[in-house]
Each structure stands twice: as C-alpha cells, then as structure tokens.
Amino acid sequence: MAISTKMKTFTIGLCTAALLAGCSAGQSESAKPPEPAVSAAPEPVTLSVLLRCYKVSPEEFERNFAAPVKKKYPHITLVNLECRDSKHLDELIVSKELPDIIDDGLLGLHDMLSRDIPADLQPLVRSEQFDLNRIDPKAIEFVRSIGQNGELYSMPRVRSASAVYYNRDLFDKFGAPYPKDGMTWDDYIALSRKLSVQDSNIQYQGLLIGAPRPMQTQLSLPYVDRATDKAAIQSDGWKKMFETWKAIYDIPGNRAAESKDLFNTRDRFIKDKTAAMYADINILEVLLTELENSGTKWDVASYPVFAGQGRGVMGAYGNGLIITKTSKHKEEAFRVIAHLLSDEVQLENHKNGQMTVLVNPEIQKRLWENSPIFKGKNVAAFYHNDGADPYVASRYDQIAYSQYSTALRNYVYGVKDINTVLREAEEATNKAIEAEKRK
C-alpha cells in the first residue's frame, strides 16, 4: 500500500526524534564529567640559610624562619648553617658551598658586594609581583643606594629598635624625674648630671651609650665620599657627633676608667646596675629578663634626638635577606623571603620583639606583645621617633669606622683636641683605603 508524502514526513520525524532521544539517554547514563586535572606535587626543596654572624637557638630558628615557611610551603625545608665565626663565610666561598639565603646587617651589604655574593632581587620582585611599598621606604632607599644602578641586593627584614632603657630604682633613689619620650641629647645630658653620683663608695653613671654607629646613622653621616674614595670625617656633622660623646662622658664619674671600655657599657646597666640610663639598640630579651628577674624596676623612653633636627633616629640599622648568585633555587628562595615579609609572619615576629620593617601601623603597635617582661612598659617609645635619612655608604666604610673609633676614644679621653683627631683620622683612613686598593 502506498504511503502518502505527509505520512512519510511524519514517520521520518518520529524516527529522528527517537534516535536523538536514544543517543541523549545513552550519554546521560554512561558519560561522566571529566576528572579535574591533578597537578603534580612540587618537588621537595632544601634551602640553606646563614645568619651572619649571629647565633640563635634551634627553637628560635624554627619559630622565626623554618616553621612559618613549612606551613606556607610544605615542600620547602630551611636548614640553618649556624655561623661559627667571622671566617665562616670565607670558608663557604672557598669550598663553593655558599647558602641559598643569607640574613645579614644592611650595613654589611657593601662587604657582600665586594665578594660578588648577592643576586639582584629586582627581577624576582617583578615576576613574583611583590609590593615593595609595604616596606619602610628609607630601608629600601638605603639598599638601592648601594648598587650602581638602583639594584636591590637585599630585602630588609627587621629593624633595630632604638630606645633609652632606664633603671627606675636609681631615679627613685636619687630623686630624679624619669625620662620622657621626645627628649633631646641635651635633655638627657642634663638629666645624667643628676644621676652621675657616688653613694656609699659606689660610683653611679647617669647616661651610657653603646657603639658609635647608631648616632652616625642618626646624623646621616657618610664615612667615605663614594665619588672620591676619600674620608668624609671633616664635616660639621662628625664634629657634632664627637662633641656630643665628649659632653656625655665629661660628666664626672660617667666615663669608664680606660678608653678601651668606652663602647663596652651594657654590663654596667644590666649586671652591675650602676648606670641609670642606657641608650642603644636591641638589648636581647634574655638580658632584660635577667634584669627583670633580679627585681630591678626598669622602663624605656624614646631615643634622644638632636635639637632642631626633627625626630630622626637610627638610619639603616637592621637586617636584610640576600639570595646568593650561586643559589640553584632563586625562585623558591624569593618566595621564602616574600613569606617572611608577609603580614602574618612579620606580626608574629614583631610580637616577639623583632621590630617589623613593614609600614602597617596595626602591626607596629603590637611590638613585644608576647613578652611578659614588656607588660606595662612604655613600648610606644620605640616608635615615638622617625627613621633618619639614609647616608651614602661605601665599600670602605669598615676601614673608616676603625679609624674614626680610635679618634673618638682619643677625643673623649682628652688625649688630643677635636681638630687634631679629625685630621689624623682623615689621613689614616685615606692611607688605609689606598693600601686596600693595592691588594
């Protein structure tokens, strides 16, 4: 029997619909969505770290470095090479076993460059999209000033905390007012005169200071003119620094008996407890704990400033992280550095007394929060002042520092007058630099 055209069309349509429905049903029953691609786990990486040249306990290294990195990057393990002494780095260079990362003082960066150790971090900053604006701009400026073309050979990690530590018991004993934040060097010297006294055959000192470098960075004084490689000590700034030191130690009873002990003053505050005030950087928590446990009442006030020069203290005083040129894991090393500079890690270390380089005010106000000995102390003193402008550093700064320190001792102890010590230090430094160049 013949089938009409209309019927043919209807039948074909049914068959087609059935076919499509059958295909669709088959797909819904048997087809599964593709499994998400599983990325291979990163290969384990061990990075060696040298803390040059200071020692930390295994627990401190784990807390401040290894554990935070392992939490963020489980495949990365940090190993502390445990710097033995000042010769350790040279031994690592000779044996071609330089670490991947070196934690070193920013003031030692020229020495690192003279040994051709640091890699420029700028390409990694760009590739890893690291935001340098989170870090103290003056610290970054100082690091960039050391390179010839603004290279970034170190990443600032921690600032040095400057303050005046004072013994409240001695102030109470002699009826003197406690120091206040914002005081100048002249203010502290005047206060020191009230506390540099002899009582019951014990000589007390009013104000002691540590090494010369904090005041040098405060005044932004270059040691050497980098354009000429000549000593830069013949300046009003250096003269002011020398005269300030002499004014402090000309107070009767305030000076050590021998010039060799001029910079070794911390024990008189911590152990002997004969110094009423001690202006310096970074007194170790273990020493302050010793002071606290002895029953001594103590506190902190802001570091002295120079009258008429604003609130600037401490220049580029702190530590930074270097990636060595020889490292085979530069990308991983930089990610480690970036994480150590994260808000999370910086906050925790800051709460343990490692002063952050971050400009985040919410982190800054939590300094020493984890330390029981700083409970009730004037921790705000550490942030009362501003950082000084960075000075222009030179590869010959250490040579100049040695000569200038000798000159300072001679002047403070009255061996020679100011003009003579400055002139002789200039001549000795220039001679020593020329000798270094001939090596």
Side-chain angles (χ1 to χ4, degrees), residues 38-56 58-84 88-106 108-109 111-132 134-135 139-140 143-144 146-147 150-158 318-346 348-349 354 357-358:
V38 178
S39 57
E43 290 290 325
V45 175
T46 298
L47 300 178
S48 53
V49 181
L50 179 71
L51 309 180
R52 187 199 184 215
C53 192
Y54 64 97
K55 296 184 183 297
V56 298
E59 293 77 17
E60 287 175 309
F61 183 80
E62 181 69 18
R63 181 187 70 187
N64 298 334
F65 294 92
V69 170
K70 181 63 73 173
K71 181 179 178 182
K72 174 73 173 178
Y73 299 109
H75 67 292
I76 297 179
T77 300
L78 297 187
V79 175
N80 182 12
L81 293 189
E82 299 186 13
C83 187
R84 295 190 301 273
H88 193 180
L89 182 63
D90 292 325
E91 294 169 1
L92 293 172
I93 294 173
V94 171
S95 63
K96 298 182 179 180
E97 295 178 342
L98 277 172
D100 298 282
I101 298 172
I102 299 176
D103 184 301
D104 192 23
L106 295 179
L109 191 50
D111 179 57
M112 288 291 189
L113 278 175
S114 70
R115 301 163 188 252
D116 197 30
I117 290 175
D120 181 13
L121 303 181
Q122 195 58 48
L124 290 164
V125 168
R126 287 192 293 266
S127 64
E128 297 293 327
Q129 299 182 328
F130 184 84
D131 184 6
L132 290 174
R134 297 172 54 249
I135 299 176
I140 295 293
V143 174
R144 288 197 186 283
I146 292 176
E151 295 91 346
L152 194 70
Y153 288 116
S154 179
M155 188 68 77
R157 181 185 68 85
V158 62
N319 274 35
L321 293 163
I322 292 167
I323 297 178
T324 60
K325 283 185 175 181
T326 55
S327 173
K328 296 178 181 178
H329 302 286
K330 291 184 176 64
E331 290 79 10
E332 290 88 348
F334 187 83
R335 287 169 193 150
V336 164
I337 290 175
H339 186 55
L340 292 176
L341 286 164
S342 66
D343 284 1
E344 173 191 356
V345 176
Q346 284 280 302
E348 196 58 32
N349 287 344
Q354 293 198 23
V357 293
L358 302 185

Distance (rounded to the nearest 0.5 Å) between [X] [atom1] and [Y] [atom2]:
X	Y	atom1	atom2	answer
Asp100	Ile323	CG	CD1	8.5 Å
Ser327	Ile117	OG	CD1	13.0 Å
Glu331	Glu128	CD	CD	7.5 Å
Leu113	Ile322	CG	CD1	8.0 Å
Leu132	Ile140	CG	CD1	5.0 Å
Asn349	Glu60	CG	CD	10.5 Å

How about [X] and [Y]: do any of their side-chain heavy atoms sit closer than 4.5 Å?
X	Y	result
Leu124	Leu152	no
Arg115	Leu89	yes
Val357	Gln346	yes
Arg84	Glu91	yes
Leu92	Pro99	yes
Val125	Phe334	yes
Ile135	Phe130	yes
Arg134	Asp343	yes

Is it the case that atom NZ in Lys71 sees more than 12 heavy atoms from other parts of the structure closer than 6.0 Å?
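Count not over threshold, so no.
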Tell me if the NZ atom of Lys72 is crowded by more than 12 foreign heavy atoms within 6.0 Å.
no
Worked verdict on Val56 versus Asn64 for side chain to side chain contact (heavy atoms under 4.5 Å, CB included)
CA-CA 10 Å; Val56 298; Asn64 298 334; 5.9 Å; no
Which residues satisfy the side-chain hydrogen bond (donor to acceptor under 3.5 Å, both in side chains) test with Gln354, sequence neighbours excluded?
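Scan of Gln354 (side-chain hydrogen bond (donor to acceptor under 3.5 Å, both in side chains), adjacent residues dropped) gives Arg157.
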Steps toward side chain to side chain contact (heavy atoms under 4.5 Å, CB included) verdict (His339, Ile76):
CA-CA 12 Å; His339 186 55; Ile76 297 179; over 6 Å; no
Ignoring hydrogens, what is the shortest heavy-atom contact between [X] and [Y]? Give both atom names and the distance.
X	Y	answer
Leu109	Pro118	CD1-CG, 4.3 Å
His75	Glu43	CD2-O, 3.4 Å
Val143	Pro156	CG2-CG, 4.2 Å

Closer than 3.5 angstrom, by distance alone: can the side chain of Lys55 be matched with the main-chain N or O of Cys83 as a donor-acceptor pair?
yes
With Asp104 via salt bridge (charged side-chain N to carboxylate O under 4.0 Å, His left out) - residues at least two apart
Arg52
Where does the angle between the aromatic ring planes of Phe65 and Phe61 fall among parallel (under 30°), tilted (30 to 60°) and perpendicular (over 60°)?
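Answer is parallel, since the angle falls under 30°.
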Option passing side chain to side chain contact (heavy atoms under 4.5 Å, CB included) with Ser154 (candidates Leu106, Asp103, Leu321):
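Only match with Ser154 under side chain to side chain contact (heavy atoms under 4.5 Å, CB included): Leu106.
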Should Thr326 and Lys96 be marked as a side chain to side chain contact (heavy atoms under 4.5 Å, CB included) after you check the CA-CA gap, both sets of side-chain angles, and the distance that decides it?
CA-CA 9 Å; Thr326 55; Lys96 298 182 179 180; over 6 Å; no
Please walk me through it: do Asn319 and Leu51 pass side chain to side chain contact (heavy atoms under 4.5 Å, CB included)?
CA-CA 10 Å; Asn319 274 35; Leu51 309 180; over 6 Å; no
Which residues share a ring pair (Phe, Tyr, Trp, His ring centres under 6.0 Å) with Tyr153, sequence neighbours left out:
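Here no residue qualifies.
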